[in-house]
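As structure tokens, the structure follows; a few thoughts come after it.
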2 protein chains.
Amino acid sequence: MELSDYAGLSVKGARLSKADQCNGTETMTSTDSMAQTTRETGTLGKLMVLLDLVTHADTPLRFTDILALTSQPRGTLHRQLSHLVEEGLLELDGDGRYAPGLRLLDFAARSWARNEFRLIAEPHLVELQQATGETVHLGVLRGQSIIYLDKVEGRQPVRMYSQIGNASPCYCTGVGKAALSLLPSENLVDLLAGLSFTSFTASTHASAETLTAEIREIAEQGYAFDREEHEAGIRCVAAPVWSEDRTFIGGISVTGPAYRLSMELLRQWAVPVQLAAARIMEGMRIRLGPRR
Amino acid sequence: MELSDYAGLSVKGARLSKADQCNGTETMTSTDSMAQTTRETGTLGKLMVLLDLVTHADTPLRFTDILALTSQPRGTLHRQLSHLVEEGLLELDGDGRYAPGLRLLDFAARSWARNEFRLIAEPHLVELQQATGETVHLGVLRGQSIIYLDKVEGRQPVRMYSQIGNASPCYCTGVGKAALSLLPSENLVDLLAGLSFTSFTASTHASAETLTAEIREIAEQGYAFDREEHEAGIRCVAAPVWSEDRTFIGGISVTGPAYRLSMELLRQWAVPVQLAAARIMEGMRIRLGPRR
DNA sequence: TCTCGATGTTCCATTATTCGGAACTTAATT
DNA sequence: AATTAAGTTCCGAATAATGGAACATCGAGA
């Protein structure tokens, strides 16, 4: 119900919720451990589950594929998909395959262009990029995921699994762990309880225990590392950033290939990263402080 | 009062949607030719109007602002906004102001990353950029708008959402007019009938008549110009591109400042632009041809 | 060609959700 | 403190979504 609830951004598990609301038990699913309490927002919630399904699929899905994934009555599913297509949120090609709709791009372009947090942070990200020569990210916590709001690359393009708008897990990214270190322990416990840990590399945290320990450490020292936890060969150092009203809880990071970024070098960069973070927060305070 | 009049993607009188463009069985004599029944897709349609309102606003809106814009009952509006917020499509800050939700970014990032048209076109856009040294765009027609799918700039890395994803009018952009030149005259008439012409510059088309004339010309010669019609001092030359099943009707363009791009130079570039367009379509044919 | 099965679409009574007026809280202003 | 504006919650009535089944459509194999 707080800032932790929509399952849409979680890596796995959005599909389960659909199955839940299909059969008997309704309205009484209070605190569920495995499936995060997906509070279906009526009609919209059901449609969003579908939109999630299609946008998360690796390839355009046929009607029957979606039918199998949702186990809904055919007629119902057909109407729901039709509505999504008619609104431009999905597109149906000549082969009867559903793909994400381009209208989503228009929404996102506006969402991004006007985002105050990003606008304020941008110059500081550029500065940090120039100081280090490596790629700089800005991300915020939404649900269990980090959504990357911005990315400033150097000249040498390094192939990385990161892109503006992409949602990444919070438990294996520098920005994610930095963000988690900002949460009150109560909220943190809740969030961790809903996580399912996927081991992307050998270094990825596999349990809430080890993660909690590291987060405590991060909270003390004020910066976080990603020791090739999300992608092999990629390291980063991150610092937490937040807005005063806690609408944005996230972080910034400097990321690069392990062969170039020794842990020692990353440790040296912790201070400039923290400084940039401090400047961003100062910028937010000036810009947004008065009226809160 | 019509609250679906957003300058977004839906056409008022006639929606150029799947129903129309589907296989063989056209000529069903558009059932909604005179009946302006804005077929709102039930609950979803109403919510999308709200989402449009908020994302199109220049600044975050307060509850009362939205209330005034929609003239809905307060209770109803409040519940609708709550649902959108709960799903992460909108965000409500500490001041009670509604802004676009970051979840939209996640959707869009996936929508973009997997878009086949864009993936196929990309290398040809890069090539065209290198040949001309100017900025190259790829856009497709959705409703009355051109949505930019890709942008290749000179030296600077692509700022993902700076232009990509933006919806622009079809009647005053090179890509837009090139796209319109592909439409069957019946569809074109329907679409033009729903347009309202905003004069961005002195050169912007102000009526369907002059626009229709130019589109006819474009259809003959196979390329289009933007003579500072959308933005003063900016010119472009564009060529139409389409996918075989007409799912994508759009174009590519080379854009730049008028002082550097004489009309004569643009005319010379028409051929390379058309060539790039042809290669993209060939790529689509190879990639998607078989199974249609 | 015909039939069969798989896939996709439409229909309609039932059911659940949304609607919207009004009462009820806050928060800001005089 | 009194008053107005702003936002939230409630509940019967209106409306939209549901889901089962009938209706199309298409491909492949007999």
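Throughout, a chain's letter reflects where its sequence line sits, starting with A, and its residues are numbered from 1. Bear in mind the structure is a predicted one, so any value in this text is a computation, not a measurement.
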Got a list of protein N/O to nucleotides 12-17 of chain D N/O distances below 3.5 Å?
| from | atom 1 | to | atom 2 | distance (Å) |
| --- | --- | --- | --- | --- |
| dA17(D) | OP1 | T43(B) | N | 3.3 |

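- Shown here for Q144(B) and C170(B), the closest heavy-atom pair between the two residues is O-SG, 3.2 Å.
- Ion pairing between a basic and an acidic side chain is recognised when a charged N comes within 4.0 Å of a carboxylate O; R279(A) and E282(A) show no such pairing.
- Rounded to whole Å, the distance from CD on Q72(A) to P on dG19(D) is 7 Å.
- Residues satisfying the side-chain contact (heavy atoms from CB on, under 4.5 Å) test with L188(B), not counting sequence neighbours, are L180(B), L183(B), L192(B), I215(B).
- When the salt bridge (Lys or Arg N to Asp or Glu O under 4.0 Å) test is applied to R62(A), no partner is found at least two apart in sequence or on another chain.
- Listed here is the closest heavy atom pair of G143(B) and L191(B): O-CD1, 3.6 Å.
- Mapping heavy-atom proximity under 4.0 Å, the span of DNA chain C touched by chain A runs 5' to 3' from dT7(C) to dT18(C).
- Summarising the geometry, the separation between CZ on R74(A) and P on dA24(D) is reported as 15 Å, rounded to the nearest angstrom.
- Residues satisfying the ring-ring contact (aromatic ring centres under 6.0 Å, His included) criterion with Y98(A), sequence neighbours excluded, are absent altogether.
- Using a distance-only test at 3.5 Å, with no hydrogens or angles considered, a donor-acceptor pair links the side chain of R114(B) to the main chain of A57(A).
- Between R246(B) and P184(B), the closest heavy-atom pair is NH1-CD, 4.2 Å.
- One interatomic measurement links the two molecules: NE2 of H78(A) to P of dA22(D), which rounds to 19 Å at whole-angstrom precision.
- Scanning all heavy atoms of the two residues, the minimum distance from A121(A) to I280(A) falls at CB-CD1, 3.8 Å.
- Within residues 60-68 of chain A, no residue has any heavy atom under 4.0 Å from DNA chain D.
- Atom CG of L50(B) and atom OG1 of T55(B) lie 10.5 Å apart (nearest 0.5 Å).
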